[in-house]
Protein chains: 2
Amino acid sequence: MERIKNIACFANLSDEQLEKLKKISVIKKYNAKEILFYEGDTPVYLYALLKGMLKVYKTNFKGQQIFLHQFYPGGLVAELANFENIPYPATAEFTSNSEVLRIDYASLEKDFFKNPDISMEIIKSLIAKHKILIEIIQKEVILTADAKIAKFILENLELFDTLKNTQIASILNITPETLSRTLSKFKTASIITIDERHHVSILDKEKLEEILSA
Amino acid sequence: MERIKNIACFANLSDEQLEKLKKISVIKKYNAKEILFYEGDTPVYLYALLKGMLKVYKTNFKGQQIFLHQFYPGGLVAELANFENIPYPATAEFTSNSEVLRIDYASLEKDFFKNPDISMEIIKSLIAKHKILIEIIQKEVILTADAKIAKFILENLELFDTLKNTQIASILNITPETLSRTLSKFKTASIITIDERHHVSILDKEKLEEILSA
DNA sequence: GAAAAACATTGACATAAGTCAACACTTTTA
DNA sequence: TAAAAGTGTTGACTTATGTCAATGTTTTTC
């Protein structure tokens, strides 16, 4: 299982430690749209995403999904809930066919947490999550829809080539209508162009940055 | 410095370790409305709040404060920024006359982080922050103004005795007008009563819980 | 204890974003 | 390749909350 080494959290483990880890973990495969865990579930395992994509979302009072985060391979999923023995605070759903390393949390805690390297890695991982959460707050609470879209164009331009507008809208927690209207506005203001293949090009980067901060 | 022992993070230190800590830290006093650090500042110290209150907020595109968190005595402030050597992601302002323990972060890292107890405490503190952030997301993204207020009444009833409506509104990131209107609505619906001393009593707890989740 | 400042309440209005519906255009499925 | 499903766009409307202004009340300050 060379692939375990590619997980940031376990990159620095000795071969011996990797062997131990192997014994308490198993690789599981999931298809797109399958659920890894629901909000409210009690955590038993720690998951590391090896392949595919996993989105995490909460559900609001109207039953709508509020997108929180997308995990890519290498990500360590939801260690907060594990640590605290509290239910998962959100739902995790695969958005493509994926593989996860499922680790027995109790054994991990027993065997590894005394290791200062591991606890340092866990601190780092928590900090990374922390950053994600602060970004979510930034995105959801501080930014207007126009600013969210400007930010997305500046930071994830290439995703327009692969994602549909509905998917982008759901990542930004806005409606497809709002996204469509704002993109049209940006087009008529000559800030961007969009070709037939849904590829977006930036014409006026400064104006985008201005929208983001103004 | 008996008071250092009362900080959750340092509660389990030996006397010897406490001595060491004393050497790299100093107590500072601040008045209400003074700023501990601004969003964007580079962190040099780690702060532990000994006395008073400290609010943390971000500023949005219109220059308005978005309240994030209030620290009470015992809280360890902003360790994320310290760890990552990134600028503070928010501004911290004292809301009453306060005292903080200012710890030299570089020395702390050198002397204490090898100690597994300390790193476990830091993990715990990070997890606590994590929870706060998730709650902020819950509060800001998922809840309506009515639900925020219902939640606040259910969870912080006694704060109505001491805080003005403007302060409560700022904690909830709503305008005083909205708070006033919603409280009137709750009163006419016989869900709560408010006496001359601004003391709130709950008449219909179930209805409040319904507003929170519906 | 009078004047100034801060706070609370209410009404009228503004605004950003969501909702709903219609319709055209694509992609998937059979 | 036809039918069905999904996606994008646009217009009209709704809604929650904020903004501004007026007025009264409470608190602070000198």
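First the proteins, then the strands, lettered A, B, ... as listed; each starts at 1. The figures here come from the full heavy-atom set of this structure, side chains too, leaving out hydrogens, waters and symmetry mates.
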Between the protein and nucleotides 28-30 of chain D, are there any N/O to N/O pairs under 3.5 Å, and if so, what are the atom names and distances?
none

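What separates CD1 of I194(B) from P of dA8(C) is a distance of 11 Å, to the nearest Å. For the pair E196(B) CD and dC7(C) P, the interatomic distance rounds to 21 Å; values are reported in whole Å. To the nearest angstrom, C1' of dG18(D) lies 11 Å from CD1 of I174(B). Rounded to a whole Å, the CG atom of D195(A) is 14 Å from the P atom of dG8(D). Atom CG of L143(B) is separated from atom C1' of dA16(D) by 14 Å (rounded to the nearest Å). Rounded to an integer number of Å, the gap from Q167(A) CD to dT26(C) C1' is 14 Å. For the pair N173(A) CG and dA17(C) P, the interatomic distance rounds to 13 Å; values are reported in whole Å. Atoms NE2 (H198(B)) and P (dA6(C)) sit 19 Å apart, rounded to a whole Å.
What you find for H198(A) and N165(A) is that their closest heavy atoms are NE2-OD1, 2.7 Å. When every heavy atom of A147(A) is checked against every heavy atom of I211(A), the shortest pair comes out as CB-O, 3.8 Å.
Near DNA chain C, defined here as any heavy-atom distance below 4.0 Å, there are no residues from residues 148-162 of chain B. A heavy atom lying under 4.0 Å from DNA chain D marks the following residues of residues 175-182 of chain B, by number: T175(B), E177(B), T178(B), R181(B).
Checking the phosphate oxygens (OP1, OP2) of dA8(C), a side-chain nitrogen or oxygen of T166(B) falls inside 4.0 Å.
For the pair Q167(B) (side chain) and K164(B) (backbone), a donor-acceptor distance under 3.5 Å is present.
Side-chain atoms of L159(A) and T162(A), non-hydrogen and from C-beta on, do get closer than 4.5 Å to each other. With a 4.5 Å cut-off on side-chain heavy atoms, L143(A) and L212(A) count as touching. Within the 4.5 Å cutoff, the side chain of K205(B) has heavy atoms near those of the E209(B) side chain.
Checking dG8(D), dT10(C), dA17(C) against every side-chain atom of N165(A), the shortest atom distance belongs to dG8(D).
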- Message: E39(B) vs K58(B), test: salt bridge (Lys or Arg N to Asp or Glu O under 4.0 Å). Steps then yes/no.
- Response: CA-CA 7 Å; E39(B) 181 169 354; K58(B) 287 182 87 81; 3.5 Å; yes
- Item | Candidate pair Y47(B) and F71(B), rule ring pair (Phe, Tyr, Trp, His ring centres under 6.0 Å), full reasoning | CA-CA 11 Å; Y47(B) 300 98; F71(B) 280 99; over 10 Å; no
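Tested against E93(A), the residues Y30(A), Y57(A), Y38(A) include a single side-chain contact (heavy atoms from CB on, under 4.5 Å) partner, Y57(A). A side-chain contact (heavy atoms from CB on, under 4.5 Å) with Y88(B) is found for one member of T42(B), V56(B), D41(B) and no other, namely D41(B).
Because its NZ or CZ atom is both nearer than 6.0 Å to the ring centre of Y45(B) and within 45° of the ring axis, R102(B) counts as a cation-pi partner of that residue.
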